[in-house]
Amino acid sequence: MATATAGAGLEGVVAGPTTICNVGQGQLVYRGYEIHDLAEHATFEGVAHLLLVGHKPDDEELKAFDAQLKAEREIPDLVIDVIRKSAKLPNAVPMDILRTAVSVLGHVDPECQDNSPEAELRKAVRLTAKIATIIGHMQNVIDGREIISPDPSLTHAGNLLYMMTGEKPTDQFARVIDVSLILYAEHDYNASTFTSRVIAATLSDMHGAVTGAIAALKGPLHGGANEAAMEMLQEIATIDNVEPFMQNAFETKRKLMGFGHRVYKNGDHRASILHTLGRQVAEQKGAEAVRWFDLGEKVQHIMETQKNIKPNVDFPCGLTYFVMGIPVPQYTPIFVASRITGWCAHIMEQHQNNRLIRPVADYQGPSDLKW
Ligand SMILES: CC(C)(COP(=O)(O)OP(=O)(O)OC[C@H]1O[C@@H](n2cnc3c(N)ncnc32)[C@H](O)[C@@H]1OP(=O)(O)O)[C@@H](O)C(=O)NCCC(=O)NCCS
């Protein structure tokens, strides 16, 4: 029986337990480890192990986990074919192509229908490894280049950049992407993760739950905000245009992408970490890259001083990926390359202690009509 009606957007509703992540005003914690600590000392591979296996790996465990990820980087020809054909369709954006490719990966995964914890961990590793390759191949197909084989000498982040661009990244650039993947990996019951748990709770399979989660992440109110934030900055274009643009946005009640958060009221713990790294990249890249950061900082200053609304992680992410030369439509797919670990951890947690997720609606229509 229903007891209370939740507020719009389920704001403030505690929807269930988890031991994976705590999104708090004071700190963001993955399985006990605080995000600044992870961003400074961990690698994405180590964080993926932490989330999926459940504990910080020792050196041997990390080596073995890294080897598993590297061994699973290749994707089947069928999926490459789907990428090639989808990329020719005028309405298919990279997030859609990635969603379809992940769904097809399920068709060829020998354990697709097996929801046991052992099979799900293996599938999670395969998905984590292969999604980066899908993104790399997709970018080459879009650019009309030959696809590039994964390079086992590179880290997960370094290889992702290499496969997208064909150029081996500097250690600094690979590390910036690595940190962005750490920051994006997990965030409790956000919209896409909750989607994945709802699907998993019907006892559906991991690939299906991840496919649904990708669709949820695409929207500009969620993961799509990193692309939308950069598109907004491109629309502003010049520092002189920031003030008139903002004035107009306030007057027309336009939402500024990459700002605000449902949970964080005093700012997003991840934003300043990425902003600092992104600005360092911009300073290395030169005056034009620094100009984009100056422009972004002016937008941020006006938002904070006039509206008291702070940037979320997607704002510095958009700027950082932009000054690194990554094509804008790949920003949210790169978010997927990271959040796949959080999603899979939640799908496994849901399956290990499952109950169907099925709330009730507050019906507000008539009941006395005759057909
Ligand atoms: C993230 C987000 C969806 C949270 O939404 P929410 O919790 O439902 O908050 P609301 O949209 O109800 O916003 C509350 C108030 O702050 C304002 N606000 C919140 N985010 C804003 C933004 N990005 N730009 C302008 N105003 C914003 C709203 O207009 C509203 O003001 P009002 O009370 O005067 O009407 C929202 O902040 C947003 O749309 N941000 C832009 C998209 C984005 O960056 N998403 C990534 C999130 S990590």
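Positions are given from 1 along the sequence. Only heavy atoms go into these numbers, but all of them, side chains included; no hydrogens, no water, no symmetry mates. Ligands are counted one by one from 1 in listed order, and the atoms in each one are counted from 1 as well.
- Residue contact check: Ala225 has heavy atoms under 4.0 Å from atoms 43 (C), 44 (O), 45 (N), 46 (C) of ligand 1.
- When only interatomic distances are considered, the shortest N/O to N/O separation between Met257 and ligand 1 does not fall below 3.5 Å.
- You'll find the ring centres of His346 and His187 outside the 6.0 Å limit.
- The six-membered or imidazole ring of His269 lies near that of Tyr264, with a centre-to-centre distance under 6.0 Å.
- Protein heavy atoms are found less than 4.0 angstrom from atom 44 (O) of ligand 1.
- For Glu111 and Arg126, the salt-bridge test passes: some basic side-chain N is under 4.0 Å from an acidic carboxylate O.
- For Asp96 and Arg99, the salt-bridge test passes: some basic side-chain N is under 4.0 Å from an acidic carboxylate O.
- Near Asp314, meaning under 4.0 Å from any of its heavy atoms, are these atoms of ligand 1: 46 (C), 48 (S).
- Between Phe293 and His275, a ring centre-to-centre spacing shorter than 6.0 Å is recorded.
- There is a protein heavy atom less than 4.0 angstrom from atom 24 (N) of ligand 1.
- Look at Asp66 and Lys70 and you find a salt bridge, because one of the NZ, NE, NH1 or NH2 atoms lies within 4.0 Å of a carboxylate O, short of that distance.
- Atom 40 (N) of ligand 1 is flagged as protein-proximal [any protein heavy atom, distance under 4.0 Å].
- For atom 5 (O) of ligand 1, no protein non-hydrogen atom is found at a distance below 4.0 Å.
- Between Asp268 and Lys310 there is no salt bridge, since none of the side-chain N atoms of the basic residue sits less than 4.0 Å from a carboxylate O of the acidic one.
- At a heavy-atom distance under 4.0 Å, only side-chain atoms of Ile309, from C-beta outward, approach ligand 1.
- Each of the atoms 43 (C), 44 (O) of ligand 1 lies under 4.0 Å from some heavy atom of Gly258.
- Atom CZ of Arg31 and atom CD1 of Ile20 lie 5.0 Å apart (nearest 0.5 Å).
- A salt bridge is defined here as a Lys NZ or Arg NE, NH1 or NH2 lying under 4.0 Å from an Asp or Glu carboxylate O, and Lys123 with Asp114 fails to meet this definition.
- For His207, there are no ring pair (Phe, Tyr, Trp, His ring centres under 6.0 Å) partners, not counting sequence neighbours.
- Using a 4.0 Å cut-off to heavy atoms of Met303, the atoms of ligand 1 that qualify are 24 (N), 25 (C).
- Across Leu256, Leu221, Asn190, Asn226, heavy-atom proximity to atom 3 (C) of ligand 1 is greatest for Leu221.
- Among protein heavy atoms, the minimum distance from atom 8 (O) of ligand 1 is reached at Arg262 NH2, 3.0 Å.
- Atom 15 (C) of ligand 1 is not flagged as protein-proximal [any protein heavy atom, distance under 4.0 Å].
- Contacts between Pro220 and ligand 1 below 4.0 angstrom, taking non-hydrogen atoms only, involve the backbone exclusively.
- Considering Ala271, Gly260, Ala191 only, the shortest heavy-atom separation from atom 1 (C) of ligand 1 involves Gly260.
- Atom 11 (O) of ligand 1 is approached by the protein to below 4.0 angstrom, counting heavy atoms only.
- Nearest to atom 34 (O) of ligand 1 among the protein's heavy atoms is Lys253 NZ, 4.9 Å.
- Counting only heavy atoms of the protein, atom 36 (C) of ligand 1 lies nearest to Lys255 NZ, 4.0 Å.
- Using a 4.0 Å cut-off between heavy atoms, Asp268 makes no contact with ligand 1 at all.
- Applying the under-4.5 Å side-chain rule to Ile, Leu, Val, Met, Phe, Trp and Tyr, the cluster around Ile148 extends to Leu154, Tyr162, Met163.
- Interatomic distance, Phe322 CZ to Met230 CE, rounded to the nearest 0.5 Å: 4.0 Å.
- Between Glu11 and ligand 1, no N or O atom pair is found at a separation short of 3.5 Å.
- Not a single protein heavy atom sits closer than 4.0 Å to atom 30 (C) of ligand 1.
- Looking only at atom types and distance, the side chain of Glu349 has a donor-acceptor partner in the side chain of Thr18 under 3.5 Å away.
- Residue His222 approaches ligand 1 through these ligand atoms, each under 4.0 Å from one of its heavy atoms: 46 (C).
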